[in-house]
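These notes are about the structure you will find just below.
Reminder, nothing fancy here: chain letters follow the sequence lines and each chain counts from 1. The analysis underlying the following values was restricted to heavy atoms, covering all of them including side chains, and did not include hydrogens, waters or symmetry mates.
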Number of protein chains: 2
Amino acid sequence: MKDPDIGAVARASGLPASTLRYYEEIGLIASSGRKGLRRLFDPGIYERLALISLGRNAGFSLQEIGAMFAQDGNPRIDRAQLHDKADELDRLIRRLRAMRDGLRHAAECPAPSHLECPTFQRLLKAASADMKRGKSKGK
Amino acid sequence: MKDPDIGAVARASGLPASTLRYYEEIGLIASSGRKGLRRLFDPGIYERLALISLGRNAGFSLQEIGAMFAQDGNPRIDRAQLHDKADELDRLIRRLRAMRDGLRHAAECPAPSHLECPTFQRLLKAASADMKRGKSKGK
DNA sequence: GCTTGACCTCAAGTTCACTTGAACTCGTAA
DNA sequence: TTACGAGTTCAAGTGAACTTGAGGTCAAGC
């Protein structure tokens with residue numbers, strides 16, 4: 001298997017070539033060389049892209065993700081940082097669960113208007129509290 | 001209680017005045033009148049803002065939220081839409097839970113490098129699958 | 001009467017994560 | 001040999017959700 005060019009990586013990863021170029025531009029990935037003009041990538045790119053996707057799913061920004069790689073290209077993930085992120089996800093999940101339950105309830109609630117439904121009112125109260133505390137960034 | 005001006009609403013809601021003006025500009029909220037130049041808001045604004053915050057927490061865009069109000073200003077929330085959103089939240093929550101568990105595991109994993117840990121590899125595999133399927137928008 | 005502070009408008013700027021377009025260079029197939 | 005498709009660069013544009021800045025208006029307090 002020769003080193004894939006950008007088209008091959010794009011097809012295999014599902015990411016558009018423009019995104020791959022962008023990722024390279026911001027230093028998130030690197031091409032292993034050129035053949036003429038064309039970038040070639042090391043097959044390790046797939047793992048790297050998977051790591052990036054993982055980070056994105058967990059709600060990290062591209063910057064944060066970039067900071068998680070050592071110069072040698074290996075992940076350098078601080079275990080404490082992982083714990084922090086897991087805790088943050090926990091909080092987010094709790095909020096989302098409450099939201100989901102509230103939505104579901106509102107969808108079924110027999111009150112003529114959502115505004116008159118006690119559960120909906122509870123949701124509203126929670127939402128306005130969130131608003132005041134400044135929302136933690138969900139993904 | 002006189003109708004609050006933008007400063008009062010800002011203090012009470014925790015939202016910057018610039019945001020309130022912006023919300024008004026895009027038609028998401030309305031001021032009830034002016035006293036000289038200054039906007040005055042109807043006290044109902046707080047409920048409205050809570051509804052908006054609720055929508056934002058649930059992952060709706062400001063546009064979508066705007067569409068949820070009837071011209072009379074009352075919420076006009078489609079029950080089917082609520083169900084859809086709840087289902088979407090469910091899917092998001094599942095993904096986030098998996099992510100959280102994976103992070104937590106990785107933080108504890110004794111493997112010398114995350115890349116060698118089977119659980120982490122499973123996460124990676126899932127992430128690259130997500131990547132290929134095109135991510136559903138989380139909030 | 002003058003200053004101050006809170007408000008106003010309007011246009012432009014910001015961040016994030018990309019995408020798009022114009023103009024160019026290759027290698028390959030007809 | 002020429003045409004084509006897939007790559008290239010660089011600059012500019014996109015969209016969401018705001019923020020910032022310049023310059024202006026007002027009511028209140030000293």
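- For the atom pair CD1 of B:Ile65 and CZ of B:Phe60, the computed distance is 7.5 Å after rounding to the nearest 0.5 Å.
- With sequence neighbours left out, B:Arg21 forms a salt bridge (Lys or Arg N to Asp or Glu O under 4.0 Å) with no residue at all.
- At D:dG7, none of the side-chain N or O atoms of A:Arg39 fall inside 4.0 Å of OP1 or OP2 (strictly under the cut-off).
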Atom pairs and distances, donor-acceptor, side-chain atoms in residues 117-126 of chain B, under 3.5 Å, two or more places apart:
| unit_1 | atom_1 | unit_2 | atom_2 | d |
| --- | --- | --- | --- | --- |
| B:Thr119 | OG1 | B:His105 | NE2 | 3.2 |
| B:Gln121 | NE2 | B:Leu115 | O | 2.8 |

Tabulate protein N/O versus nucleotide N/O from nucleotides 22-29 of chain D, keeping only pairs under 3.5 Å, one per line.
none

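- OP1 or OP2 of C:dT9 sits under 4.0 Å from a side-chain N or O of B:Arg34.
- Each end of the helix from C:dG1-D:dC30 to C:dA30-D:dT1 gets its own axis from five base pairs, and the two axes differ in direction by 30°, given to 10 degrees.
- Applying the side-chain hydrogen bond (donor to acceptor under 3.5 Å, both in side chains) test to B:Arg100 and every residue at least two apart in sequence or in another chain returns A:Asp90.
- In this view, A:Ser128 and A:Met131, A:Lys132, B:Ala50 satisfy the side chain to side chain contact (heavy atoms under 4.5 Å, CB included) rule, not counting sequence neighbours.
- In this structure, A:Leu40 atom CG and C:dG27 atom P are separated by 12 Å, rounded to whole Å.
- Atom CG in A:Leu62 sits about 15 Å away from atom C1' in C:dT19, given to the nearest Å.
- For A:Ser31, the side-chain hydrogen bond (donor to acceptor under 3.5 Å, both in side chains) partners at least two apart in sequence or on another chain are A:Glu24.
- A:Glu64 pairs by the salt bridge (Lys or Arg N to Asp or Glu O under 4.0 Å) definition with nothing, not counting sequence neighbours.
- With rounding to the nearest 0.5 Å, the separation of CZ in B:Arg48 from CD1 in B:Ile29 is 8.5 Å.
- Less than 4.0 Å separates DNA chain C from at least one heavy atom of each of the following residues of residues 22-32 of chain A: A:Tyr22, A:Tyr23.
- Applying the ring pair (Phe, Tyr, Trp, His ring centres under 6.0 Å) rule to B:Tyr46 yields no partners; only residues at least two apart in sequence or on another chain are considered.
- Residue pairs meeting the salt bridge (charged side-chain N to carboxylate O under 4.0 Å, His left out) criterion with at least one member in residues 8-20 of chain A: none, sequence neighbours excluded.
- Side-chain nitrogen and oxygen atoms of B:Arg21 include none within less than 4.0 Å of the OP1 or OP2 phosphate oxygen of D:dA17.
- The distance between atom CG of A:Asp5 and atom C1' of D:dA6, rounded to the nearest whole Å, is 8 Å.
- Look at B:Thr19 and you won't find any side-chain N or O under 4.0 angstrom from OP1 or OP2 of D:dA17.
- With sequence neighbours excluded, no residue forms a side-chain hydrogen bond (donor to acceptor under 3.5 Å, both in side chains) with B:Ser18.
- Listed nucleotides: D:dC18, C:dC18, D:dT8. Nearest to the side chain of A:Ile6: D:dT8.
- Remark: P of C:dC16 and CD of A:Glu64 are 10 Å apart, rounded to the nearest angstrom.
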